[in-house]
Number of protein chains: 2
Amino acid sequence: MTITIKDVAKRANVAPSTVSRVIANNPNISMRTKEKVRSVMEELGYYPNVNARNLVNNRTNVIGVIMPSASYAPFQNPFFPEVLRGITAEANEKRYGLYLSTSQTEEAILDEVKDMVHSRRVDGLILLYSTIDDPVIDFLLEKSFPFVIVGQPAEQLREAVSFVNNDNVKAAKMMTEYLLLLKHNRIAFIGGRSDAFVTIDRKSGYCEALEAAGIELDESLMVYHDEIFEGGEKAVIELMSRKTPPSAMIVTDDLMALGVLRMLFSMNISVPDDMSVVSFNNVLMSKLSTPPLTTLDIRIFELGYKAAQMVRQRILDPETPPKGLIVDHHLIRRATSKTYVE
Amino acid sequence: MTITIKDVAKRANVAPSTVSRVIANNPNISMRTKEKVRSVMEELGYYPNVNARNLVNNRTNVIGVIMPSASYAPFQNPFFPEVLRGITAEANEKRYGLYLSTSQTEEAILDEVKDMVHSRRVDGLILLYSTIDDPVIDFLLEKSFPFVIVGQPAEQLREAVSFVNNDNVKAAKMMTEYLLLLKHNRIAFIGGRSDAFVTIDRKSGYCEALEAAGIELDESLMVYHDEIFEGGEKAVIELMSRKTPPSAMIVTDDLMALGVLRMLFSMNISVPDDMSVVSFNNVLMSKLSTPPLTTLDIRIFELGYKAAQMVRQRILDPETPPKGLIVDHHLIRRATSKTYVE
DNA sequence: TTGTATGCGTTATCAG
DNA sequence: CTGATAACGCATACAA
């Protein structure tokens, strides 16, 4: 008993096609009929049926968002909500809908993506993760389906796919230089999964800065841990056990840095007096910690916003060559960093 | 150029309707043709077009999720990602898709909901917020569209709508009793927006416990703040300025409690030695703070999971009367609470 | 400027 | 057990 274009047509004494044209705001429909039709639509409470529309248009005006497989991780890390917020903002502006993936394993994700693409559920995809040899990407590339990666794509794909990312090398270099300028010369590096592109890139930046400063790299000061929070705690134990412990630590993730802070606190090592700690991402939590973290804002919201912009662009004209977009970063000085004193 | 049910039919030498039946796994199709058709589907790489299917079925197998309007807030508070995780899990199990609202103002949300409903974009909705006199709810009720609220519905709607919630009165009462048993007798209450149902209910529980213990209520020990984090800081300033400051604080939100902790720290008031602090929600952050928070786990994931279950149920048979579901809570003792000593 | 006719890819009804 | 055929609601090519 839902009211359709035909009902409107009948009531307005026009053909269904005319109503359709009014909806599309077709320029060569007289103002007079437009108004008439519109008022009837209003009167009858007409709403277009998206499914019918999608069917004939072969287009849904919906963007799919694919979360990483680590079933729990994605939503634990404030990074994801924040990108999502950026995506949401852009999508809303442009009247696009958002369809969220729900799969929890790599295999299921691949299936879901295939389904989304084949069944024409979405017009384009945003991948909120990036791993090497991802079959999802191969699939999308083969189908030439519009998509954008948030993060760093695998080396061999840099030219082939669109992505939005930070310059993590440069970012980490800057953070290291900052500590160097604060007179620190034993600076530790605490990273996440050592095979993640973020970790790799940030480590490179760290090393570059040290080398440029003529400081010899010390592998014993670089540690990696998978666990987002506990990893930070473990790292501190390891690092403080070195013969000459560092006076500063660069942590690749704010949450991990919270673990670091807590372990240091429990060891009675005062931050920033006895130890400087800087991290990356500037998630909300980083300003709520005690003491608040000096961190690098990577503009997560913008990453999402731009990604949404890019998919839409690729949806609209799929022929334009893919491109990588780099989003700026900004140092947020708070209370965990301080000049080194003997 | 996409391959349809007709292509499969032709190739398998059957009618399109037969293919359709095979897809639906219709029992009265011979095993023989079923297999033949299936193999052709495989061979041709056939995927059903959801839009066509939705059109004729008038059903999408998609659940819509409506976030609160406070444009930034939702994703800042770890509560939302976590409910979303629960919803996601259930939806995935049952092969339902998730459609996310993107609107940022109350007005826009109403429009978006109307659109989602009228245009048949989703089969049911989950509202991740609950305010009094919400026009969205009136609309959904009037359309008898399946939906579930996560949170406490307005008094006059308790019987009319389905919802999933905690028993916040009982929860707060328990937290208060816990502090009472730790010999605290000046216990402060720090709440969020005073017109939010959560705040109201938790305050009630707090009062109930105090009264039961024969402790006179002291309005000067109850403060409210809208800002999720700064609110905690302000509250501490106010409360510690009282003639006789409290020895314990009940904070209605973990994030706010972080603000509390930080302000206490800066005042050199040691937690838990000089002040006990307990809060609600048990979001990830609460265990990462220094010291880790004693808090009440409200099973956020389960709230989402059950909500998804309930909408599906209401979608499948809309006739069953609405019901309210209460999810359990659990005290998580960590390091911010301690027996009171003079 | 507007109407007619047809198709989008499925499912469902009705025959056979 | 299977095949024709008519919807589902909309958009567009072609006519008028």
Side-chain angles (χ1 to χ4, degrees), chain A residues 1-41 44-62 115-123, chain B residues 1-41 44-62 95 97 115-123:
Chain A
M1 215 17 297
T2 119
I3 119 117
T4 81
I5 217 173
K6 284 179 191 164
D7 303 318
V8 177
K10 203 162 294 173
R11 181 64 161 266
N13 285 320
V14 295
S17 52
T18 304
V19 178
S20 176
R21 286 190 258 261
V22 172
I23 295 171
N25 201 16
N26 186 316
N28 42 12
I29 287 280
S30 75
M31 214 40 206
R32 217 172 136 284
T33 39
K34 262 187 191 170
E35 274 164 11
K36 185 174 55 180
V37 171
R38 289 219 176 95
S39 83
V40 172
M41 290 188 349
L44 263 45
Y46 166 79
Y47 277 84
N49 179 316
V50 283
N51 298 309
R53 180 179 276 183
N54 291 347
L55 176 58
V56 15
N57 286 334
N58 213 18
R59 184 162 48 70
T60 62
N61 268 49
V62 172
D115 184 73
M116 281 169 118
V117 170
H118 283 131
S119 65
R120 329 233 125 222
R121 201 187 275 289
V122 298
D123 294 341
Chain B
M1 216 0 304
T2 122
I3 118 117
T4 82
I5 217 173
K6 286 180 189 163
D7 302 318
V8 176
K10 204 162 292 174
R11 180 65 161 261
N13 284 319
V14 295
S17 50
T18 303
V19 178
S20 177
R21 285 191 261 258
V22 172
I23 295 171
N25 200 17
N26 186 316
N28 43 12
I29 287 280
S30 75
M31 214 42 205
R32 219 174 134 283
T33 38
K34 259 187 192 171
E35 273 164 12
K36 186 173 56 179
V37 171
R38 289 219 177 93
S39 83
V40 172
M41 288 187 350
L44 263 45
Y46 167 79
Y47 276 85
N49 179 316
V50 282
N51 298 310
R53 180 178 275 183
N54 291 347
L55 176 58
V56 17
N57 286 335
N58 212 19
R59 184 164 47 70
T60 61
N61 268 50
V62 172
R95 326 246 66 186
D115 183 74
M116 282 169 117
V117 171
H118 283 133
S119 65
R120 328 236 127 219
R121 200 186 277 288
V122 299
D123 294 342

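Atoms considered below: every heavy atom in the structure, side chains included; atoms not considered: hydrogens, waters and symmetry mates. In the text below, chain A, chain B and the rest are named by the order of the sequence lines, each starting its count at 1.
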Please set out all donor-acceptor pairs under 3.5 angstrom arising from side-chain atoms of residues 14-27 of chain B, sequence neighbours excluded.
{"residue": "B/N25", "atom": "OD1", "partner": "B/K34", "partner atom": "NZ", "Å": "3.0"}
{"residue": "B/N25", "atom": "OD1", "partner": "B/R38", "partner atom": "NH2", "Å": "3.3"}
{"residue": "B/N26", "atom": "OD1", "partner": "B/N28", "partner atom": "N", "Å": "3.0"}

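- With rounding to whole Å, A/R121 atom CZ is found 13 Å from C/dT10 atom P.
- Applying the side-chain hydrogen bond (donor to acceptor under 3.5 Å, both in side chains) criterion to B/D123, with sequence neighbours excluded, gives B/T60.
- Regarding A/Y47, its OH atom lies at a distance of 22 Å from the P atom of D/dC8, rounded to whole Å.
- A/N13 comes within 4.0 angstrom of the backbone, heavy atoms only, and of no base.
- For A/Y47, the ring pair (Phe, Tyr, Trp, His ring centres under 6.0 Å) criterion is met by B/H118, not counting sequence neighbours.
- Between A/R120 atom CZ and A/N58 atom CG the span is 4.5 Å, to the nearest 0.5 Å.
- Here B/T4 does not reach the OP1 or OP2 of C/dC8: none of its side-chain N or O atoms lies under 4.0 Å away.
- DNA chain D lies under 4.0 Å from at least one heavy atom of each of the following residues of residues 48-59 of chain B: B/L55, B/V56.
- Here A/Y46 reaches the OP1 or OP2 of D/dC10: one of its side-chain N or O atoms lies under 4.0 Å away.
- The nearest whole Å value for the distance from the CE atom in A/M31 to the P atom in C/dT2 is 12 Å.
- Distance check: A/M41 CE to A/I5 CD1 gives 9.0 Å after rounding to the nearest 0.5 Å.
- In this structure, the side-chain hydrogen bond (donor to acceptor under 3.5 Å, both in side chains) partners of B/T33, at least two apart in sequence or on a different chain, are B/S30.
- Residues from residues 16-30 of chain B lying near DNA chain D, meaning a heavy-atom separation below 4.0 Å, are B/S17, B/T18, B/R21, B/N28, B/I29, B/S30 in numerical order.
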